[in-house]
Amino acid sequence: MDMAVIELSRLQFALTALYHFLFVPLTLGLSFMLVIMESIYVMTGRPIWRTVTRFWAKLFGINFVLGVATGLTMEFEFGTNWSYFSHYVGDIFGAPLAIEGLMAFFLEATFVGLMFFGWDKLSKRQHLFTTFMVALGSNLSALWILVANGWMQHPVGSRFNSDTMRMEVTDFMAVLFNPVAQAKFVHTVSAGYVTASVFILGVSSWYLLKGKWVAVARRSFTVAAAFGLASSLSVVVLGDESGYALTDNQKMKLASLEAMWHTEPAPAGIAVFGIPSLEGRETRYEIKIPYVLGLISTRSLTGEVAGITELVAKAQVRIENGVQAYDAVEKLKVNRTDMAAREQFERHKLDLGYAMLLKRFVADPRTATPDQIVQAAWSTVPNVPVMFWVFRVMAGLGFFFIGFFLLAFYFSTVRRFDARWFLRAAVWIIPLPWLAAEFGWVLAEIGRQPWAIEGVLPTFLGASSLTVAQLWTTIIGFTLLYGTLAVIEVRLMLAAIRKGPLEHIDEPSDAAVAGHGYTPLPAE
């Protein structure tokens, strides 16, 4: 297949995912923050908390619509742009996506209308239940999508059927409880909570700077500060767990994001700075902190972190074994009763996907030269410089958010809502969680290249037989459509923020509230 078609197919899917991840983190985080705010309203009966909840629910609704629209398009693209991928692994990959639609999406769709239009029709507890079900649906949706994505990163509970020439499920519970999928889910959801907390804190700070809707802003600020601090801490802790999962399941991704070209004596150090070079296969001007990487990735002082060069050597061996599996499959196509071929396949079946890497260099992997096998082995290395720097920006932002929310929590605890320098900073950093989330997605997806399914199906074999003109047409069409929708969404969000809460309850003037000491907020 023409490599231009493959690269354009990857570009189109990447752009669609980019649009989708602009809306999903805020949806995930806002949904559970609405549950917290409405729970306070139900427990206290204070009208101000009803106002707070309804205001943020309006912004959640605007964002929710586009999150759904972009997600549906992305799922359709598996059939239109990645038809062989869908044929080869659809029995496994399609199941979590189907469950996501039947369980999570229908759950959200059922209760979201009740949440928006049931305020005066349902009791307080009944309405809180609908809000909780919307939040549960949003997070279950993320769970099933990340189960599917986690299987692409670490394909457990499945096998290649030499009779049907497709991948099949052997243990669905292994797919569901895939350690990579579970680590990705908790890390991604926590990142969504951070995104929503920064958003609410930033908008609340803008209100406090302008002196508008102060009663709503102070309460929103307080909830976001506490929830954001817990979420930012969990992002870093769960990110550490993700690193531990990489050690066992995605060794090349771990070595690449650390630009570790050679295996180091245990425990390995972590690089805080360096300039990776693909040409020289080295990292220049490297500055390392000793032992840290070994402790994070192996939880020990003796565990070894494999380097890129050693992993390439292992890939070369797997490619050679995979050629034997490929040869057996070709023989079984001709004669399914060939017992010698079936025995040969059983011995080498785990490496069949590695033989497929050779199809980028030669039509028949069995005719590959030693040089082509070496080329294929080195193609298992993702873009090391991109991985190295994307990870550091993402991790740096994660630690920054911890410090930011610590300050916010302090100011909310002592009722200091007049620190204008902090309020201005809170407004300006609103885009940063989205940047961190997008970088996390880039790290996850570039890190598993050249695989569509790690060790099973190379990306370049999964694409549909489309033309360059067809792909450019859809890329331009999607970009224009979603670009327009994104502009509309931002304008609607800004208009809703400028308009403020639907119901505004004035807060009595109280000099002590703006002072340095702790004074409870008025009950109103």
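Under the rule for a salt bridge (Lys or Arg N to Asp or Glu O under 4.0 Å), the partners of Arg166 that lie at least two apart in sequence or sit in another chain are Asp91. Asp171 pairs by the salt bridge (Lys or Arg N to Asp or Glu O under 4.0 Å) definition with nothing, not counting sequence neighbours. For Phe116, the side chain to side chain contact (heavy atoms under 4.5 Å, CB included) partners at least two apart in sequence or on another chain are Ala57, Phe60, Val112. Taking Phe422 as the reference, Phe404, Phe411 meet the ring-ring contact (aromatic ring centres under 6.0 Å, His included) condition, with sequence neighbours excluded. Evaluation of the ring-ring contact (aromatic ring centres under 6.0 Å, His included) rule for Tyr84 yields His87, Tyr88 as partners, not counting sequence neighbours. Thr484 is linked by a side chain to side chain contact (heavy atoms under 4.5 Å, CB included) to Ile488, counting only residues two or more places apart in sequence or in another chain. With sequence neighbours left out, the salt bridge (Lys or Arg N to Asp or Glu O under 4.0 Å) criterion links Glu489 to no other residue. Checked against side chain to side chain contact (heavy atoms under 4.5 Å, CB included), Val203 has the following partners two or more places apart in sequence or in another chain: Trp56, Phe199, Tyr207, Ile497. With sequence neighbours excluded, the residues satisfying side-chain hydrogen bond (donor to acceptor under 3.5 Å, both in side chains) with Gln449 are Thr459. Among residues two or more places apart in sequence or in another chain, the side chain to side chain contact (heavy atoms under 4.5 Å, CB included) test is passed with Val89 by Phe85, Phe93, Trp151, Met167, Ile453.
Remark: Ile476 CD1 to Leu481 CG distance equals 13.5 Å, nearest 0.5 Å. Summarising the geometry, atom CZ belonging to Phe64 is positioned 9.5 Å from atom OG belonging to Ser31; distances are rounded to the nearest 0.5 Å. A distance of 13.0 Å separates NZ in Lys121 from OG1 in Thr130, rounded to the nearest 0.5 Å. Between the CG atom in Leu229 and the CG atom in Leu407 there is a gap of 10.5 Å [rounded to 0.5 Å]. To the nearest 0.5 Å, the span separating CD1 on Ile48 from OG1 on Thr53 amounts to 10.0 Å. Once rounded to the nearest 0.5 Å, the distance linking CD1 of Ile99 with CG of Leu176 reads 8.0 Å.
Checking side-chain atoms of Glu38 against main-chain N and O of Leu128 turns up a donor-acceptor pair under 3.5 Å. Judged by distance alone, with hydrogens and angles left aside, the side-chain atoms of Ser86 form a donor-acceptor pair with the main-chain N or O of Phe78 at under 3.5 Å. Remark: the backbone N or O of His187 is not paired with any side-chain donor or acceptor of Ser190 at under 3.5 angstrom. With Asn178 contributing its side chain and His154 its backbone, the two residues share a donor-acceptor pair below 3.5 Å. The main-chain N or O of Ala444 is never found under 3.5 Å from a side-chain atom of Arg448 such that the two would form a donor-acceptor pair. No side-chain donor-acceptor contact under 3.5 Å links Arg218 to the backbone of Ser204. Between the Arg46 side chain and the Trp49 main chain, no donor and acceptor come within less than 3.5 Å of each other. The closest donor-acceptor contact from the side chain of Ser234 to the backbone of Ser231 lies under 3.5 Å. Put simply, the side chain of Thr170 gets close to the backbone of Gly157: a donor and an acceptor are under 3.5 Å apart.
Cation-pi contact between Arg125 and Phe129: absent, since separation from the ring centre below 6.0 Å together with deviation from the ring axis within 45° is not met.
Between Phe405 and Leu201, some side-chain heavy-atom pair lies under the 4.5 Å cut-off. Between Phe400 and Leu432 the shortest side-chain heavy-atom distance falls below 4.5 Å. Considering only heavy atoms from C-beta on, Lys499 comes within 4.5 Å of Lys58 through its side chain. Side-chain contact between Ile475 and Thr479: present, with at least one pair of heavy atoms (C-beta onward) separated by less than 4.5 Å. Side-chain contact between Tyr41 and His127 is absent, with no heavy-atom pair separated by less than 4.5 Å. You'll find the side chain of Ile200 stays beyond 4.5 Å of the side chain of Val223, heavy atoms only. Counting heavy atoms from C-beta outward, Phe409 and Leu406 have side chains that stay 4.5 Å or more apart. Here the side chains of Leu485 and Val65 are not in contact, with every heavy-atom distance at 4.5 Å or above.
Side chain to side chain, Ser83 and Ser464 meet the donor-acceptor criterion of an N or O pair below 3.5 Å.
Between Gly462 and Leu457, the closest heavy-atom pair is CA-CD2, 4.3 Å. Closest of all the heavy-atom pairs between Val175 and Val147 is O-CG1, 3.7 Å. Pairing each heavy atom of Gln126 with each of Ser123, the nearest pair is OE1-N, 3.0 Å. Considering every non-hydrogen atom in both Pro382 and Ile446, the closest pair reads CB-O, 3.3 Å.
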Q: For the pair Trp451 and Met252, evaluate side-chain contact (heavy atoms from CB on, under 4.5 Å) and give the outcome as yes or no after the intermediate values.
A: CA-CA 12 Å; Trp451 301 106; Met252 183 62 81; over 6 Å; no
Q: Using the side-chain contact (heavy atoms from CB on, under 4.5 Å) rule, take Met115 and Phe132 through it: C-alpha gap first, then chi angles, then the decisive distance, then the call.
A: CA-CA 9 Å; Met115 186 183 82; Phe132 174 77; over 6 Å; no
Q. Yes or no on side-chain contact (heavy atoms from CB on, under 4.5 Å) for Ile36 and Phe227, after CA distance, side-chain angles and deciding distance?
A. CA-CA 9 Å; Ile36 294 172; Phe227 191 67; 3.5 Å; yes
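In Phe172, the CZ atom is crowded: over 12 heavy atoms of neighbouring residues, nucleotides or ligands sit closer than 6.0 Å.
Between Phe221 and Phe417, the angle of the ring planes goes over 60°, which puts this pair in the perpendicular group of the 30/60° scheme.
With salt bridges taken as basic N to acidic carboxylate O contacts below 4.0 Å, none links Glu258 and Lys253. Between Arg420 and Asp418 no salt bridge is recorded (no basic side-chain N to carboxylate O distance below 4.0 Å).
Listed by first and then second residue, the side chain to side chain donor-acceptor pair (under 3.5 Å) pairs that reach into residues 93-117 are Glu100-Ser141, Glu108-Ser138, sequence neighbours excluded. Under the side chain to side chain donor-acceptor pair (under 3.5 Å) criterion, no residue pair touches residues 422-443, with sequence neighbours excluded.
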